[in-house]
2 protein chains.
Amino acid sequence: MPEYKAPLREINFVMKELLDSEGHYASFPGGEEATPEMVDAIIGEGAKFCEEVIAPLNQTGDQEGCTLVDGTVKTPSGFKEAYQQFVEGGWPTLSADPNFGGQGLPESVNIVISEMVGTANWSWGMYPGLSHGAVNTVNEFGSEEQKETYLTKLVTGEWTGTMCLTEPHCGSDLGILRTKAEPNADGSYSITGTKIFISAGDHDMTDNIVHIVLARLPDAPKGTKGISLFIVPKFLPENGDANSVSCGSLEHKMGIHGNATCVMNFDGAKGWLIGPENKGLNCMFTFMNTARIGTALQGVGAAEGSFQGALAYAKDRLAMRSLTGVKNPDGAADPIIVHPDVRRMLLTQKAVAEGTRAMCYFSAQQADLVHGAETEEARKAADDMLGFMTPILKAFITEVGYEAANHGMQVFGGHGFIAEWGMEQIVRDTRISLMYEGTTGIQALDLLGRKVLMTQGAALKQFTKLVHVFCKENADNEEMKQFIEPLLTLNKEWGDITMKVGMAAMKNRDEVGSASVDYLMYSGYVTMAYFWARMALIAQQKLAEGTTETGFYTAKVQTAQFYFKRMLPRTKAHAEMALAGADSVMAMDEANFAF
Amino acid sequence: MPEYKAPLREINFVMKELLDSEGHYASFPGGEEATPEMVDAIIGEGAKFCEEVIAPLNQTGDQEGCTLVDGTVKTPSGFKEAYQQFVEGGWPTLSADPNFGGQGLPESVNIVISEMVGTANWSWGMYPGLSHGAVNTVNEFGSEEQKETYLTKLVTGEWTGTMCLTEPHCGSDLGILRTKAEPNADGSYSITGTKIFISAGDHDMTDNIVHIVLARLPDAPKGTKGISLFIVPKFLPENGDANSVSCGSLEHKMGIHGNATCVMNFDGAKGWLIGPENKGLNCMFTFMNTARIGTALQGVGAAEGSFQGALAYAKDRLAMRSLTGVKNPDGAADPIIVHPDVRRMLLTQKAVAEGTRAMCYFSAQQADLVHGAETEEARKAADDMLGFMTPILKAFITEVGYEAANHGMQVFGGHGFIAEWGMEQIVRDTRISLMYEGTTGIQALDLLGRKVLMTQGAALKQFTKLVHVFCKENADNEEMKQFIEPLLTLNKEWGDITMKVGMAAMKNRDEVGSASVDYLMYSGYVTMAYFWARMALIAQQKLAEGTTETGFYTAKVQTAQFYFKRMLPRTKAHAEMALAGADSVMAMDEANFAF
């Protein structure tokens, strides 16, 4: 198993040097609480917890998995104790509402902890991670009484929460869900139905679990406009009695074995309406963005964790001699890091880990501003930016994160396939990130359809303007030409492609779905190029100023160069394929796919 | 688990219509034994065996896995019985030497059976599949006595064989292997060392297992020129005594759980030299091409099997409405095959399965001619073509096969992650194919370095000439323009890229390794484009002639169109990245990869 070392130098580079976290926190009311000293201390302590407490449980958790014993889920050895330490350390409270026991720190501090937790042990991190949806729901839509009863315990981590959306016949299409909520005389509801894929739906870490359940009231309108939210606790807070909700079985799955993926049966379970009737989906959309950045972090973590493992192996493992002459004369062969293709894989991982981290942290700052910015205008601008970035983050980062995890495995050759090394676990664990919280295809429709075309390109323009301004500002910088020129070209092409697809879509709606995934991947590569160009600029400036960290900043420029030369050309393919037209995918008669 | 249905219509299309198997078999001595009736009967029976006997053991084999009981490997339930049926059916003997009980049929018949076996149950197929190396070694280099003792039993399948190459510290770099062979007074040798990753190294299916072991004689030259081959049977044929060779442990791995991946300990085991001293690697190279086509089939099978599962699901699963209007008014939603992006994934799988099948069968015909063609010149031409195609087949097909398997899983959304559906097993099982029998990186060096640059481009020209002639022949065909024009451009560019990389490599050897994987992928896409263009031509002709199979041939043209529009543009990215220069990967100091 690769040993996890929190990449603090990289984290600090993105937070402080790229995104000026200090200035950012000083810029909005409440943000100033996140003093540089406090942020450093939190991240340092978080790193220690991740490295020492949960990383060591990653492989054992995978091997042991979860089991269902007498109707209750038993998590892998050590998970419960680690969770208790997490709660005692106050970690769940970081960015929660101070009125309910939270520390009220900005989301962009929390995301650093989430990244480290997720890289160290994604399966474990999902138990506390999945509470966020329930916390947000109760915080934003709960009555005072509901907040009183549930929120503090959720915030401290004494209880965890889930979001119960999916049913056996419906995943992406929530409009067809069937779970029923029937009113009781006492104002509560009887919830009946089956939910599947409920991560952390049951476990042995806390005394209670609070389910937020999507269900239909009697006579609710059909489709997505007839869905309401209900709080359904595992044990009733009023008397401690067990509610009629239980884990029916655990899914056997490719990865994240340490996390319990539950089939949850609601058999007339007692629940309470939260938020307005039939507006459940709207309520959920208000914080879906944050959840999706959370999932994007799985891609960052996959790239980072797999890179750490592969780099150590590539320096250690001897095979063949360098084609340009012996590099390790005392050994039987050279370490494989001398071979260009091994380096290509390592640099791809490195470029992905660092580039996607920048994308996520940038978006988390936008999330800070959505709630925190002083003016309505600034809040709206941040919300638009976040809305635009979210599908790119969720889909693009998990896709390239999965690719990076596969490269890490490949660096190990045949050994990568062996469980003991831990590299294949990263691939298995990460694979789900391309599907849950909305598949890549769903995200791509959200980006191109809802975010870009429905705003007549306004959401896109907000971002391309950022890129354009950056390019203008550095137009005279000789050393930056290698980045600015291609970036400027792509930034313009991005608009052109959008226009063309938009025009085609007016004639045929299937043009959107046909172009969407290539459009999203194109957008991802250009977005990442923007952040890599910015990081290269900072590094060049530091080198020009005579930094003592020459190696660090030189590597930063070189990784940017690698990204522009060896990854960014993929935009050529995606651009052409996005513009290939719907006919290429729609022409075939359904009956003719196979004979 | 997707139910496997042998794609007989597709197989026949490639064999008969694309590759004129009848004419091919009539063209060389001995080939005429493979009459159309016989080939049909063999493939039909093989299909039944795969569908009925081994496909049902695929998922159970994965779940049960192999266990080591009292030093012997126990294979999953049913594997042994299926193997007995396989032997009784005479399947192992198909293309083996008639002098030793084989049926002497061409390799290109055998490959069809191998594809079906591999798609139905790759793990099971490896037990008989891995015998081929041992059969070839004994057949080509064994003494009469060795052939007498081992060959017949290997050919009939009464015994199986292995190739014991890899050691814990050496995989791709066999030059540093350490296993020792010390001469005994009776002419035999004592073999001592540890071999790892020995697939089917031990099992309970046969009475004996014949290991071909790579080892060093005392005073053998260092490196690859000091390796010899030895036959080391599990039980000594002379007296039935157990030899000092045993399975020390089984690897826990990501996939192919049904196949035993053994650590084999040779503790002074009795062995016999086979072939000339110190020429072991040369001997092995003579039939490595066939083994590598065998591995390429894992990519074909992954695409085909995963496509079958995903297509069935996409027709059945209801979610959302088509963007162009309701298609399934009686259902709560439309089947997901109406959605463009689902179709894009299915068509990618279909294009890969059918295109790579054509590449493999074509190469198998070349393999027929390497041994069978009448003139030395024809044998040499076939050998050159096969040598050129082999690294492309092995690496490109497993890469795109893995991609296709991932698409299949993605079509299922979250359900794809659940073991029960069988889609994630295909991903796990296929992942190894990118690593064993030489990783993608190793194959890419073989292609660009050994095959293309070392022949001054002659090996490439042999293939581009085929493409060029085909394009010329169809230059006036209006309907073919959509394929011929891009193909001609790429075919020319292929030569240009080769020239440029070759020139750069004269100054810096690392240019080869830096460009190689992108060069290989580029080569794969162009090669597949050639076969798709040829398949489209045939289909267009059949449609013009007024075939009754309109749907089949229309789909063939449409899949070719999809391939050209939605996959082939990837060459743009690979071309640019292959020409990006070594500096992008070599510049970074090893110490600066991480801080």
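Protein chains get the first letters and strands the later ones, always in sequence-line order, with residue 1 at the start of each.
When every heavy atom of A:Leu311 is checked against every heavy atom of B:Ala594, the shortest pair comes out as CD2-CB, 3.6 Å. The two residues A:Gly513 and B:Pro340 make their nearest non-hydrogen contact at C-CB, 3.4 Å.
Residue contact with chain B, scored on non-hydrogen atoms closer than 4.5 Å, involves the backbone and the side chain of A:Ile432 alike. If you measure heavy-atom distances from B:Thr440 to chain A, the contacts under 4.5 Å come from both the backbone and the side chain. At a 4.5 Å heavy-atom cutoff, the contact between A:Thr559 and chain B is made by backbone and side-chain atoms alike. With a 4.5 angstrom heavy-atom cutoff, A:Leu568 does not touch chain B via any of its atoms. Looking at B:His415, both its backbone and its side chain come within 4.5 Å of chain A, counting heavy atoms on both sides. Looking at B:Ile337, the atoms closer than 4.5 Å to chain A (heavy atoms on both sides) all sit in the side chain, from C-beta outward. Heavy-atom distances place no part of A:Ala582 under 4.5 Å from chain B, backbone and side chain included. Interface remark: B:Asn508 contributes side-chain atoms only to the contact with chain A (heavy atom separation under 4.5 Å). Proximity to chain A involves both the backbone and the side chain of B:Ile418, based on heavy atoms less than 4.5 angstrom apart. A:Ile176 touches chain B through its side chain: at least one heavy atom from C-beta onward sits under 4.5 Å away, while N, CA, C and O do not. In this structure, chain A has heavy atoms under 4.5 Å from both the backbone and the side chain of B:Phe552. Interface remark: B:Met409 contributes backbone and side-chain atoms alike to the contact with chain A (heavy atom separation under 4.5 Å). Neither the backbone nor the side chain of B:Leu174 comes within less than 4.5 Å of any heavy atom in chain A. Residue contact with chain B, scored on non-hydrogen atoms closer than 4.5 Å, involves the backbone and the side chain of A:Phe593 alike. In this structure, the portion of B:Phe307 lying under 4.5 Å from any heavy atom of chain A is its side chain and not its backbone. For B:Ile442, the part sitting under 4.5 Å from any heavy atom of chain A is the side chain, from C-beta outward, and nothing else. Only the side chain of A:Lys350 comes within contact range of chain B, with at least one heavy atom under 4.5 Å from a heavy atom of that chain.
With hydrogens and angles ignored, the 3.5 Å screen pairs a side-chain donor or acceptor of A:Gln410 with a backbone N or O of B:Leu434. Judged by distance alone, with hydrogens and angles left aside, the side-chain atoms of B:Arg431 form a donor-acceptor pair with the main-chain N or O of A:Asn406 at under 3.5 Å. The backbone N or O of B:Val585 sits less than 3.5 Å from a side-chain atom of A:Arg343, completing a donor-acceptor pair.
For the options A:Gly255, A:Gly441, A:Ala333, heavy-atom pairs under 4.5 Å to chain B are most numerous at A:Gly255. Highest contact tally toward chain A, considering only B:Lys556, B:Met567, B:His252, is held by B:His252 [criterion: heavy-atom pairs under 4.5 Å]. Put simply, of B:Gln63, B:Arg509, B:Arg428, B:Met586, the one with the most heavy-atom pairs under 4.5 Å next to chain A is B:Met586. With chain A as the partner, the residue from B:Tyr436, B:Phe197, B:Phe562 showing the most heavy-atom pairs under 4.5 Å is B:Phe197. In terms of heavy-atom pairs under 4.5 angstrom with chain A, the leader among B:Gln561, B:Gln308, B:Arg317 is B:Arg317. Comparing A:Pro335, A:Ser322, A:Pro7, A:Ala319 by how many heavy-atom pairs each has under 4.5 Å with chain B, the most go to A:Ala319. When B:Glu10, B:Lys315, B:Met345, B:Lys222 are compared by the number of non-hydrogen pairs under 4.5 Å with chain A, B:Lys315 comes out ahead. Interface summary for chain B: among A:Ser516, A:Pro168, A:Gly325, the most heavy-atom pairs under 4.5 angstrom belong to A:Pro168. Annotation: maximal heavy-atom pairing with chain B below 4.5 Å, among A:Thr554, A:Asp583, A:Asp510, A:Val427, occurs at A:Asp510. Counting heavy-atom pairs closer than 4.5 Å to chain A, the top residue among B:Thr324, B:Leu318, B:Thr439 is B:Thr324. Most heavy-atom pairs under 4.5 Å with chain B: of the set A:Ala332, A:Gly413, A:Gly223, this distinction falls to A:Gly413.
How far CE of B:Met588 is from CG of A:Leu346: 10.0 Å, rounded to the nearest 0.5 Å. Here the CG atom belonging to B:Leu323 is positioned 11.5 Å from the CD atom belonging to A:Glu511, to the nearest 0.5 angstrom. Going from atom NE2 of B:His339 over to atom OG of A:Ser514 covers 14.0 Å, rounded to the nearest 0.5 Å. Atom CZ of A:Phe595 and atom CD of B:Glu549 lie 8.0 Å apart (nearest 0.5 Å). The line from CG of B:Asp173 to CE of A:Met320 is 5.0 Å long, rounded to the nearest 0.5 Å.
When the shell of 6.0 Å around CZ of B:Arg9 is examined, it contains more than 12 heavy atoms from other residues, nucleotides or ligands.
Ring orientation note: the planes of A:Tyr402 and B:Tyr402 are close to parallel, at an angle under 30° on the 30°/60° scale.
Annotation: side chain of B:Lys572 is not in contact with side chain of A:Pro569 (no heavy-atom distance under 4.5 Å). For the pair B:Phe417 and A:Thr261, the minimum side-chain heavy-atom distance is 4.5 Å or more.
A salt bridge links A:Asp518 with B:Arg566: the distance from a Lys NZ or Arg NE/NH1/NH2 to an Asp or Glu carboxylate oxygen falls below 4.0 Å.
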Show your working on side-chain contact (heavy atoms from CB on, under 4.5 Å) between A:Lys253 and B:Glu424 and close with a plain yes or no. CA-CA 8 Å; A:Lys253 51 198 197 293; B:Glu424 59 89 35; over 6 Å; no
